[in-house]
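Because only heavy atoms are used, hydrogens play no part in the values below, and waters and symmetry mates are left out as well, while side chains stay in. Keep in mind that what you see is a predicted model, and the values were worked out from it rather than measured.
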Amino acid sequence: MLPLVAGAMALALAVSMAVVSATSLTIERHRLVALAEATALRGAESFDPARLRRSGDEVVAPLESGRVADAALEFLRGVPEVSHRELRLIRADTPDGSRARVVLEATWYAPLWSEFLPLSLPIEAEALSRSVIR
């Protein structure tokens with residue numbers, strides 16, 4: 001009977017460790033996506049007001065990749081280092097001149113060490129944002 005109880009306890013411990021690690025990874029991924037969206041929004045607001053033009057009912061705010069990258073770097077400098085480990089800005093540009101695209105990468109570390117789960121994983125998040133002026 002004792003081997004069955006020990007086996008059940010080991011299985012319960014392994015499942016618990018997997019659930020904790022999966023939850024931690026999911027939360028970290030959501031936090032990175034939120035940061036990428038906020039950074040892309042800041043990049044979308046980096047347009048030059050002198051270049052605004054009217055197109056129908058909307059005002060078009062053309063973006064430049066250099067301004068988007070500068071705004072993204074400036075925004076990320078204000079982010080505390082403890083929020084994400086090894087945070088890297090992979091890309092900050094404008095694919096079409098009207099939207100800002102930001103790609104961030106960070107490293108997730110498992111909260112509990114295990115032989116069966118990876119110790120760390122790189123995670124990546126991409127976000128697009130567009131300024132709409134009416």
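- Hydrophobic clustering (side-chain heavy atoms under 4.5 Å, transitive across Ile, Leu, Val, Met, Phe, Trp, Tyr) groups Leu104 together with Leu25.
- Cluster partners of Ile90, by chain and number: Val103. The rule joins Ile, Leu, Val, Met, Phe, Trp and Tyr whenever side-chain heavy atoms lie under 4.5 Å apart.
- Residues passing the salt bridge (Lys or Arg N to Asp or Glu O under 4.0 Å) test with Glu37: none are found, sequence neighbours excluded.
- Through side-chain heavy atoms spaced under 4.5 Å, either directly or across other Ile, Leu, Val, Met, Phe, Trp or Tyr residues, Val5 is tied to Met9.
- The hydrophobic clustering, which links ILVMFWY residues whose side-chain heavy atoms are closer than 4.5 Å, places Val79 and Leu32 together.
- The side chain to side chain donor-acceptor pair (under 3.5 Å) search around Arg99 returns Asp96, not counting sequence neighbours.
- Evaluation of the salt bridge (charged side-chain N to carboxylate O under 4.0 Å, His left out) test over residues 103-113, restricted to residues two or more places apart or in two chains, returns Arg88-Glu105.
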Throw together a table of side-chain donor-acceptor distances under 3.5 angstrom for residues 62-74, partners on residues two or more places apart or in other chains.
from  : atom 1 : to    : atom 2 : distance (Å)
Glu64 : OE2    : Arg51 : NH1    : 2.7
Ser65 : OG     : Thr94 : N      : 3.3
Arg67 : NE     : Ser46 : O      : 2.7
Arg67 : NH2    : Ser46 : O      : 3.4

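- Residues Val20 and Leu13 fall within the same hydrophobic cluster, defined by Ile, Leu, Val, Met, Phe, Trp and Tyr side chains chained together at heavy-atom separations under 4.5 Å.
- Members clustered with Leu11: Val15, Val19, by chain and number, using a 4.5 Å side-chain heavy-atom cutoff among hydrophobic residues.
- Hydrophobic clustering (side-chain heavy atoms under 4.5 Å, transitive across Ile, Leu, Val, Met, Phe, Trp, Tyr) keeps Val33 apart from Val102.
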Could you list the donor-acceptor pairs under 3.5 angstrom formed by side chains in residues 118-133, with sequence neighbours left out?
from   : atom 1 : to    : atom 2 : distance (Å)
Arg130 : NH2    : Glu58 : OE1    : 3.4
Ser131 : OG     : Ala44 : O      : 2.5

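- Counting only residues at least two apart or on different chains, the side-chain hydrogen bond (donor to acceptor under 3.5 Å, both in side chains) pairs with a member in residues 13-26 are Ser24-Trp108.
- Residues satisfying the salt bridge (Lys or Arg N to Asp or Glu O under 4.0 Å) test with Arg101, not counting sequence neighbours, are Asp93.
- Of all non-hydrogen atoms in Leu35 and Thr39, the two that sit nearest each other are O-OG1, 2.7 Å.
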